[in-house]
Amino acid sequence: MHQVKIKNSKQEFNVGKIVCLGRNYLDHIRELNNAVPDRAVIFCKPATSLLANGGVIEIPPYSNDCHHELELALLIGTTGKNIDKNTALSHLAGYGVALDLTLRDLQNELKNKGLPWEIAKGFDTSCPLSDFVPANDINDPNNINLQLLINGETRQQGNTNQMMRSVEEIIAEVSTFYTLEVGDIILTGTPAGVSKIVSGDKLEGTIEQVGSLQVSVA
Ligand code: MG
């Protein structure tokens, strides 16, 4: 069983599903030459993809192009289905810093064949994740800065106000497809600046008010 914690508390959650949004920042859609979706692009990562703060990323041998995607993570604290946008934030227990690591070469190969590309997103260690801060600590989750440094150099910089769907809209839309249960996690998409990581890289993701996540590549 994989667990996550709320900082400075004894609260622990058993992780259920990890639901991820793709193509939620326009500048990232453009850098990958993807189409702007009408419906949210949604996929899941298994709980076995989780990697704790300070951990080591293991890029699988079948890929030569692993990309970083820095994302705001949401932790569900109250179960719901068909959640109303106006009450969506009350379903959150906390916010965290996550990376949605992606084997871009494998993803493109599968995409071009019209096949599901979840194996490019769900490998072991593909979801580094920090501890969570209590949801009440964040005034406006739709206006916070994100930054990813690799070996001390800025690679991704953005603000959640650039998201095409707000945190409330994401929770509402995801919950029309899947019941959201206590311990489920949602990754909200990445801003522009994705690029390849290689052996020995040190990654530091920071999200304003939420905290930071430090991992390295084996
Ligand atoms: Mg992503």
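Counting starts at 1 for both ligands and their atoms, following the listed order. Note: hydrogens, waters and symmetry copies are ignored here, and every other heavy atom, side chains too, is used.
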Atom nearest to the Mg ion (ligand 1) - D100, N, O or S atoms considered: OD2
Sidechain N-carboxylate O distance under 4.0 Å for D137, K7: no
SB check E204 R155 (cutoff 4.0 Å): no
N/O/S atom name from E69 that is nearest to the position of the Mg ion (ligand 1): OE1
Atom nearest to the Mg ion (ligand 1) - E71, N, O or S atoms considered: OE2
Pairing of E181 and K81 as salt bridge, 4.0 angstrom limit: no
Main-chain N/O of S212 paired with N53 side-chain donor or acceptor, under 3.5 Å: yes
